[in-house]
Amino acid sequence: MRSSTGVPLAVLDRLSLDVAALHATDSALHLGGLVVLEGEPPSRVRVLEHLRRRVGLLPELAHRLSGGPGRPRWEPDPGFDPDRHLYESAGGAGPSALAAELLRQPLPRDRPLWGLWLVRRAGGGRWALCYRAHHAFQDGAAAVATLERLLGPEEAPRGRALTFRPPRPVDWAAVLPEFRPARRVTWWPALDAPPAQAYTAAFADVDMARLHALGRRTGATVPQLCLALTTEVLRALHPDGWGPDGPGHGLALRANLGISVRDPDDPRPHLGNRVAVAGVDLPCGEPDPDERLDRLGRALDHTRLARLADAHRVVLRKLPYRIGRLTLSRSVDARYTPLGVADLRVRRPLGFAATPATGVYALPVMVPGQPLFVAWVTHRRRLHVTFLADRSLAGAERLPEAWESALVAHERRAEAGAFTRTGSGAGAS
């Protein structure tokens, strides 16, 4: 019998399921966050009691995937029980090894597509809680808001957990050029090796005070600085190739940056994928660091991203699924968009009981064939960076060190007054 309370999947939900089917394992299209805490881990019973209290704040978590391929929908799970969504893991020596284990864990299709893992060992006398959801079930913003409800302060946040700028009329003359297909990547050794479709994670941690100080000197926002550091990291992987005599000189790598297109009055703000992408060209082949930062400032301009979000919202509202399905092969082709980036902000302090989180790391999705996804999360006074790499990417283990080296180099240039301009015009944030 067809449920009268079912919600048809939006086009992005269905396309996310299609992308997952292109992977060797469905778990590559799972996303979430790894929350690291110090001390002795609690018992499973205690975590389950906590989960039962909090899950009532998130009615979307009780929706499962139902219906056939032609008419899939989200519907309330009549057998919903938080106990079926709490898992345990022995853990490992550190966050990187732990993330590799968690990335392989399935989300059974006979229940809502999310889970919470109690990890007993996260290295260095720490333990962890990991929330994961299928990308069709939630986007990154919804997953962050879910974490805030599950592991944030007990009191309910003021207003809506997710807030969005109301849409505005679209200036199509200005935005249509943004919808042109990306150029094919003509040089990047990371694309030459066949993808393993198995992934490894590495992490970096930065004091936000350093980024704010750098932003004041350069006029760049924190997200713009993170894109600049990502560009420097990519240059460090193949320094000769991006140099003046290298095949990558003057070239850029296209990255997809998620932008929310969820309607402000969405009655189920924690359900479904409502994230489109903005293309950002990372100017790896530009020799001047000042010019690299200036280009990224213009690419990540707030006005540009808001205009793109308005346009994507209109297009996706009217886009038939069959048309979106036809464009899928091009949109996931790593030769056109070889990597992803994400900027995530946790606005409420996370923890469990009286134990505050010491680290919050994103676990992003991986598009088939893409060698790398870089995601950063701001939580309290720290920036936590995740480098999720296909195992075919040579040198992935050096990425955290390269990030720190790039930050130090930018700080030294800024102190010397080397940065003279930025395209942001918005100041640090």
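Looking at heavy atoms from C-beta onward, D263 lies in side-chain contact with R313 at the 4.5 angstrom threshold. The side-chain heavy atoms of E291 and P283, taken from C-beta on, include no pair separated by under 4.5 Å. Between V206 and R382, every side-chain heavy-atom pair lies at or beyond the 4.5 Å cut-off. Contact annotation: the side chain of L9 approaches that of W74 to within less than 4.5 Å [non-hydrogen atoms, C-beta and beyond]. Side-chain contact between W403 and T230 is present, with heavy atoms from C-beta onward closer than 4.5 Å. Using a 4.5 Å heavy-atom cutoff, the side chains of D301 and R298 are not in contact. Side-chain atoms of F137 and L271, non-hydrogen and from C-beta on, do get closer than 4.5 Å to each other.
Cation-pi geometry between R132 and W117 is met: under 6.0 angstrom from the ring centre, within 45 degrees of the axis. Under a cutoff of 6.0 Å and an axis angle of 45°, R111 and F80 do not form a cation-pi pair.
The shortest non-hydrogen separation linking L257 to D343 is CD1-N, 4.3 Å. The shortest non-hydrogen separation linking P371 to P338 is CD-O, 3.0 Å. Between A406 and E232, the shortest heavy-atom distance links the atoms CB-CB, 3.5 Å. For A357 against V360, the heavy-atom pair with the smallest separation is CB-CG2, 4.3 Å. Nearest heavy atoms, L191 versus A334: CD1-O, 3.7 Å.
Donor-acceptor pairing under 3.5 Å is lacking for the side chains of D13 and Y321. Using modelled atom types and a 3.5 Å distance limit, the side chains of S27 and Q105 yield no donor-acceptor pair. Between the side chains of E101 and S89, a donor-acceptor pair is found at a separation under 3.5 Å.
A salt bridge links R84 to D110: at least one charged side-chain nitrogen sits closer than 4.0 Å to a carboxylate oxygen. Looking at D281 and R254, a side-chain N of the basic residue comes within less than 4.0 Å of a carboxylate O on the acidic one, giving a salt bridge. Under a 4.0 Å N-O distance rule, the pair R307/D171 does not qualify as a salt bridge. In this structure, D288 does not pair ionically with R292, as no charged nitrogen and carboxylate oxygen lie closer than 4.0 Å. The residues D290 and R413 are annotated as not salt-bridged, no charged nitrogen and carboxylate oxygen being separated by less than 4.0 angstrom. Between R109 and D26 there is a salt bridge, with a side-chain nitrogen of the basic residue lying less than 4.0 Å from a carboxylate oxygen of the acidic one. Salt bridge annotation for E75-R268: absent, with no cationic side-chain nitrogen under 4.0 angstrom from a carboxylate oxygen. Taking the charged nitrogens against the carboxylate oxygens, R183 and D333 have no contact shorter than 4.0 Å, which rules out a salt bridge.
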Derivation of the salt bridge (charged side-chain N to carboxylate O under 4.0 Å, His left out) call for R295 and E286: CA-CA 10 Å; R295 290 186 187 181; E286 166 56 50; 3.0 Å; yes

H384/W376 under ring-ring contact (aromatic ring centres under 6.0 Å, His included): CA gap, chis, key distance, verdict: CA-CA 6 Å; H384 305 284; W376 52 88; over 10 Å; no

Residues E154, R149; criterion salt bridge (charged side-chain N to carboxylate O under 4.0 Å, His left out); working and verdict: CA-CA 8 Å; E154 187 77 30; R149 287 291 182 95; over 6 Å; no

Verdict with supporting geometry, R217 and E411, salt bridge (charged side-chain N to carboxylate O under 4.0 Å, His left out): CA-CA 9 Å; R217 290 179 178 272; E411 288 171 330; over 6 Å; no

Salt bridge (charged side-chain N to carboxylate O under 4.0 Å, His left out) between D310 and R168, worked out: CA-CA 6 Å; D310 291 334; R168 300 176 183 177; 5.6 Å; no

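When the shell of 6.0 Å around CZ of R53 is examined, it contains more than 12 heavy atoms from other residues, nucleotides or ligands. The local environment of CD in E415 is crowded, with over 12 non-hydrogen atoms from other residues, nucleotides or ligands closer than 6.0 Å.
Once rounded to the nearest 0.5 Å, the distance linking CG of L319 with NE2 of H312 reads 11.0 Å. Between the NE2 atom of H212 and the CG atom of L383 there is a distance of 9.5 Å, given to the nearest 0.5 Å. Atom CG of D18 is separated from atom CG of L12 by 11.5 Å, given to the nearest 0.5 angstrom. Atom OG1 of T358 is separated from atom CG of L37 by 6.0 Å, given to the nearest 0.5 angstrom. Expressed to the nearest 0.5 Å, how far CG of L58 lies from CG of L61 amounts to 4.5 Å. Note: L388 CG to L363 CG = 7.5 Å, rounded to the nearest 0.5 Å.
E178 places no side-chain N or O within 3.5 Å of a backbone atom of L308 that could act as its donor or acceptor partner.
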